[in-house]
Amino acid sequence: MMKRTNKNYLWLFLLVPVLLSIACNATSSVAPDEEPSDSEVGQSSTQAPVPPAAPVIEEPVAVPGSGQTFSVAPNGSDDNDGSPASPWATIQHAVDSVAPGDTILIESGTYAGARIERSGTADEWITLQAAPGASILINAPGPNNKHESNLEFETWEGTKTVSFWAVSGLEIVDAPYWGIDLRGNEETHSSGFVIQNNRIHDNGLDAGKSGIFFAFVDDVLVENNESYSNGEHGIYLSNSGDRFVVRGNSLYENNNCGLHINGDLESGEDGIISNGLIENNTIYENGEGGCAGINMDGVTDTIVQNNLLYENLGSGIAIFQENGAVCSQNIQVLNNTIVQAEEGRWAIIINGDDCINNKIFNNIILTYHEWRGSIVIPEPGILGFESDYNVIMDRFSADDDDSVISLSEWQALGYDNNSIIAAPNEMFIGPDDYALYDGSPAVNAGLALPGLTLDMRGTARPQGAAFDIGALEFGDSPQAQSPTAIPSAAGSSGGTITYTFDGRVYRIAAEEGAVPEDISLALDALSPGGGDRRLNISPDGNWLVVETERFDPECDGWSCLAIISADLSSGEVVRA
């Protein structure tokens, strides 16, 4: 909730910062106190692995329209002409009135959703977005909707497809079914969607539905959305759709998967989802009802890179076949950081001996679980499977989780001969900060991967003598020299320096050997987002104040003042 500025906070403006962040039904038959049994021993490879080919993924690009711009506002009327001076009142009327190339700008307010049946063209997309600085809440289905979803892109007329739409800047909540629902059909796929910078949450809670749902849809870009606390998955790609990019999203606290991709042969068409790129996503604390952070069923020829997955309760990444037409294959899992919850399942699961040609390189693959470990495969010698240059636990399974083997037994099968054993507390700056510290086992320990020359935040690889392992390259931002905690700032602001670097804010004790603390990373746990521009500390050291775009939808794209407790456990906006 927005609050007025209190005069007691006026001192904040006077401080000057010093300028210097599987399958859902997988089970195990091994008890924590059982001894691992020996698996079949194969031929150990002594040759260095060949890096996988550079990913080549073509992503859809929303073509800016050359048509008219129309407005929707709570004080408008659908009898108006839709101009900014005479806006329409409903989203439904707007989407029924536009033509290819047009843009719909929605002013601040609360709205019912809409069923969208018109299409743009490949050269003239239609755009539906928040007006600059506007806060949009869509909290119910529209009057024409057929599936009890808030925004539905589907038609049963003409080509029976809807295509070439860009949707951005909306908050979509409380849908009985899906928040955003995009569909084609078995005979003809819909195509061409860019879904960006939306906040989708608390949808499908009673029906068990997802935040963003695609069925029979090709050529989609789902980027920089926040999808959380939905009744099923954060993002769900289904029914044979091909050519997808899922990038930069925050997917958390969803009942099942963060990201679920399912070819679903029973629904018709080929039952395969292919040619995808999954990168730079933060996926955490999903799976209370089962399912992985990233679930791939019937998926082929897809890159999974630079993702951060932590504290998921199902598997981290699951590669399998249940409803898809094929066992997921030709998947490249590269430079991800996966840290499983204490009660979670295995970090990476490959389930099915037809899941062939999958590659796992340069990943941090760890768990807090007592006996589960890094990687499960169905049997030794699975065709085309390669895994190396990872940071791993000393626990694997080569018989579909029927037994647990050690790294030496795993290496005897030809896997992970250049990988490193470590524990989560040896890898990162702190328990809630997954950046590497100087001296982390992952630094300069990776394999050079052609085409993967940027880390999760866009920093060039390598920064040192070689690629680092994991999603974040060391040198991405000022890093700790050891994984010890930063001294508390409580008691005085004179002994602590605050500074901004590359769009993130930090504090560091003003003493020799002190380590910087990435405050922006800590804020991600309180309110994912960004736009952190300035950090100050109260005179008594008990509070931080940051200029940021977090904590309230009205802050997105603007600057809000937020006050944060010094221990980084709570925060709230105090002024827009």
Side-chain angles (χ1 to χ4, degrees), residues 55-65 95 100-103 116-129 151-155 158-168 178-198 200 210-225 227 233-249 259-264 267-281 294 296-305 324-325 328 330-332:
V56 178
I57 304 292
E58 293 187 12
E59 63 185 72
V61 177
V63 178
V95 299
D102 288 346
T103 296
I116 298 164
E117 300 181 318
R118 296 191 173 203
S119 293
T121 68
D123 297 324
E124 293 281 354
W125 287 49
I126 305 174
T127 299
L128 176 68
Q129 68 181 44
L151 283 182
E152 298 177 3
F153 292 79
E154 181 187 42
T155 183
T159 63
K160 299 183 179 180
T161 61
V162 177
S163 298
F164 304 114
W165 278 82
V167 180
S168 64
W178 292 276
I180 302 180
D181 182 348
L182 308 98
R183 306 190 193 201
N185 58 81
E186 181 181 354
E187 292 77 23
T188 310
H189 289 196
S190 293
S191 65
F193 287 94
V194 173
I195 310 298
Q196 289 179 316
N197 304 316
N198 301 285
I200 304 104
S210 300
I212 306 174
F213 174 71
F214 296 88
F216 297 116
V217 180
D218 297 331
D219 302 297
V220 301
L221 170 62
V222 189
E223 185 174 41
N224 297 334
N225 301 283
S227 185
H233 315 304
I235 299 172
Y236 187 0
L237 297 165
S238 74
N239 301 138
S240 310
D242 297 320
R243 299 179 301 278
F244 64 91
V245 177
V246 179
R247 174 189 294 128
N249 302 282
L259 170 63
H260 182 50
I261 310 175
N262 181 3
D264 200 2
S267 294
E269 231 254 298
D270 65 6
I272 298 171
I273 294 182
S274 63
N275 296 299
L277 175 61
I278 304 167
E279 67 176 356
N280 303 345
N281 301 285
I294 299 175
M296 291 179 283
D297 179 3
V299 180
T300 70
D301 303 289
T302 290
I303 312 298
V304 183
Q305 64 187 24
S328 294
N330 298 321
I331 309 296
Q332 296 185 33

What distance do [X] atom [atom1] and [Y] atom [atom2] have between them, rounded to the nearest 0.5 Å?
X	Y	atom1	atom2	answer
Asn262	Phe214	CG	CZ	15.0 Å
Leu221	Phe193	CG	CZ	12.5 Å
Gln305	Ile303	CD	CD1	6.5 Å
Asn275	Thr300	CG	OG1	6.5 Å
Ile212	Ile235	CD1	CD1	4.5 Å
Glu223	Ile195	CD	CD1	11.5 Å

So which heavy atom on [X] is nearest to which on [Y], and how close?
X	Y	answer
Asn185	Thr188	OD1-N, 2.8 Å
Ile116	Val162	O-CG2, 3.5 Å
Arg183	Ser190	O-OG, 3.0 Å
Ala166	Trp125	N-CE3, 4.0 Å
Glu186	Ser267	OE1-O, 3.9 Å

So does [Y] get a backbone contact from the side chain of [X], meaning a donor-acceptor N/O pair under 3.5 Å?
X	Y	result
Ser210	Phe213	no
Asn225	Asn197	yes
Ser328	Gly298	yes
Asp297	Gly324	yes
Ser240	Gly271	yes
Asn249	Asn224	yes

With a 4.5 Å limit on heavy-atom distance, are the side chains of [X] and [Y] in contact?
X	Y	value
Leu259	Val246	yes
Leu237	Val220	yes
Asn198	Val167	yes
Arg247	Val222	no
Thr302	Asn330	no

Parallel, tilted or perpendicular, as decided by the 30° and 60° cut-offs, for the rings of Phe216 and His189: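 Tilted: the ring planes of His189 and Phe216 meet at 30° to 60°.
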Full working for salt bridge (Lys or Arg N to Asp or Glu O under 4.0 Å) between Lys160 and Glu154: CA-CA 7 Å; Lys160 299 183 179 180; Glu154 181 187 42; over 6 Å; no
Pair Ser274-Asp242, side-chain hydrogen bond (donor to acceptor under 3.5 Å, both in side chains): steps then yes or no: CA-CA 5 Å; Ser274 63; Asp242 297 320; 2.9 Å; yes
Chi angles and distances behind the side-chain contact (heavy atoms from CB on, under 4.5 Å) call for Phe244, Ile261: CA-CA 10 Å; Phe244 64 91; Ile261 310 175; 3.8 Å; yes
Step-by-step side-chain contact (heavy atoms from CB on, under 4.5 Å) determination, Trp165 to Phe153: CA-CA 9 Å; Trp165 278 82; Phe153 292 79; 3.7 Å; yes
Derivation of the side-chain contact (heavy atoms from CB on, under 4.5 Å) call for Thr161 and Thr155: CA-CA 6 Å; Thr161 61; Thr155 183; 5.6 Å; no
